[in-house]
Amino acid sequence: MSVVDFEPVNQRSTAEMIADKLREAIVRGGLEPGAQLGEADLAAQFGVSRGPVREAMQRLVSEGLLHSIRNRGIFVIELTLADVVDIYRSRTAIEGGALTLILDDRREIAYEALAPSVAAMLDRAAAGDPAGVSDADRQFHESLVAAAGSPRLVRAARTLLIETRMCLGALQTTYPDLREQAQEHVALREAIGAAAPPRVHQLLRDHMDDAVQRLRARYAAEPIPG
């Protein structure tokens, strides 16, 4: 076996940190769908050279959050209705796989892991805080996949959940009462704790299908904002 001399590296590179900030700005709507990113402007804002900014943007292009148009530049993705449907279908497959592992021998782990996000969602819904409900919604589904104990499922779900967050602003407006959105997650958590597996999988499918139908109606009225 040959020995390779590797040079020391920083635990987190500048490009990685910039990518995290850009990703969060996209998720939070600070960078709106369709917005163009200027390499020079971002470098000046971050106080770095263009190299790390270029690398960070390429990371997000590979994640599908940015896209490059030849001779024009790099832009934040705009989600079409077809994109939304594909995102939720893909999430149903991934989270359904996570549920299968959870229902095998990790019910208690998942039930406890989902408690904080459910509590946060109920609290934010009672306070009339749609952004807080969305944050807790994303946390719930991240915790669900993580509770399956599969690093590969977590990696597969990561970008989908980021893209989902771009839809949640529109989804909030489809619930006359935010507590209804929270109660869907309460019901799913309780089912994970005690219900028969077919019932749990059906609740997840219904939850995803309901979101798609609400977004279809919302999208028919006007384009989905970030």
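For reference, positions follow the sequence shown, starting with 1. Small disclaimer: the values here were computed from a predicted structure and weren't measured.
Looking only at atom types and distance, the side chain of S134 has no donor-acceptor partner in the side chain of D137 under 3.5 Å away.
In the hydrophobic clustering of ILVMFWY residues, with side-chain heavy atoms under 4.5 Å counting as a link, V61 and F75 come out apart. In the hydrophobic clustering of this structure, Y111 does not group with V118; members are Ile, Leu, Val, Met, Phe, Trp, Tyr whose side-chain heavy atoms approach within less than 4.5 Å, directly or through other members.
Here the shortest heavy-atom pairing between A115 and R189 reads CB-NH2, 3.4 Å. Listed here is the closest heavy atom pair of R107 and P197: NH2-CD, 3.7 Å. Scanning all heavy atoms of the two residues, the minimum distance from I102 to A110 falls at CG2-CB, 3.6 Å. What you find for T92 and L204 is that their closest heavy atoms are O-CD2, 4.4 Å. When all heavy atoms of A148 and L153 are compared, the closest pair comes out as CB-CD1, 4.5 Å. Shown here for S150 and L101, the closest heavy-atom pair between the two residues is CB-CD1, 4.1 Å.
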Step by step, would you call R158 with V145 a side chain to side chain contact (heavy atoms under 4.5 Å, CB included)? CA-CA 10 Å; R158 186 173 296 130; V145 176; over 6 Å; no
Please walk me through it: do L66 and V76 pass side chain to side chain contact (heavy atoms under 4.5 Å, CB included)? CA-CA 5 Å; L66 301 178; V76 178; 3.9 Å; yes
Steps toward side chain to side chain contact (heavy atoms under 4.5 Å, CB included) verdict (Q183, L122): CA-CA 8 Å; Q183 285 299 327; L122 290 169; 3.6 Å; yes
For V84 and R216, run side chain to side chain contact (heavy atoms under 4.5 Å, CB included): C-alpha distance rounded to whole Å, both residues' side-chain angles, the deciding distance at 0.1 Å, then the answer. CA-CA 9 Å; V84 171; R216 280 185 188 277; over 6 Å; no
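More than 12 heavy-atom neighbours from other residues, nucleotides or ligands sit within 6.0 angstrom of CZ on R205. Other residues, nucleotides and ligands contribute only 12 or fewer heavy atoms inside 6.0 Å of the CD atom of E108. Other residues, nucleotides and ligands place no more than 12 heavy atoms under 6.0 Å from the CZ atom of R179.
In this structure, Q139 CD and E142 CD are separated by 7.5 Å, a value rounded to the nearest 0.5 Å. Once rounded to the nearest 0.5 Å, the distance linking CD of E16 with CZ of R23 reads 8.5 Å. We find the CG-CD1 distance between L114 and I109 to be 11.5 Å, quoted to the nearest 0.5 Å. Atom-to-atom distance recorded for L99:CG and R106:CZ is 12.5 Å, nearest 0.5 angstrom. Atom CD of E95 and atom CG of L188 lie 8.5 Å apart (nearest 0.5 Å). Remark: R72 CZ to Q36 CD distance equals 7.0 Å, nearest 0.5 Å.
A side-chain hydrogen bond (donor to acceptor under 3.5 Å, both in side chains) check over residues 113-128, counting only residues at least two apart or in different chains, returns the pairs R124-D129.
Here H185 pairs with F140, H141, H207 under the ring-ring contact (aromatic ring centres under 6.0 Å, His included) rule; sequence neighbours left out.
With contacts defined as side-chain heavy-atom distances shorter than 4.5 Å, the pair I192/L144 qualifies. Using a 4.5 Å cut-off on side-chain heavy atoms (C-beta onward), I26 and I77 make no contact. Using a 4.5 Å heavy-atom threshold, the side chains of M208 and S90 count as separate.
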May I have the list of side-chain donor-acceptor pairs in residues 38-49 shorter than 3.5 Å, sequence neighbours left out?
residue, atom, partner, partner atom, Å
E39, OE1, R54, NE, 3.3
E39, OE2, R54, NE, 3.4
E39, OE2, R54, NH2, 2.8

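No donor-acceptor pair under 3.5 Å is formed between the side chain of Q181 and the backbone N or O of A125. Between the side chain of D83 and the backbone N or O of T80 there is at least one donor-acceptor pair closer than 3.5 Å.
Ionic pairing of D86 and R89 is not present here: no N-O contact between side-chain nitrogen and carboxylate oxygen is shorter than 4.0 angstrom. Taking 4.0 Å as the cut-off between side-chain N and carboxylate O, E55 and R59 count as a salt-bridged pair.
If you run side-chain contact (heavy atoms from CB on, under 4.5 Å) between L60 and each of L22, L37, I74, only L22 comes through.
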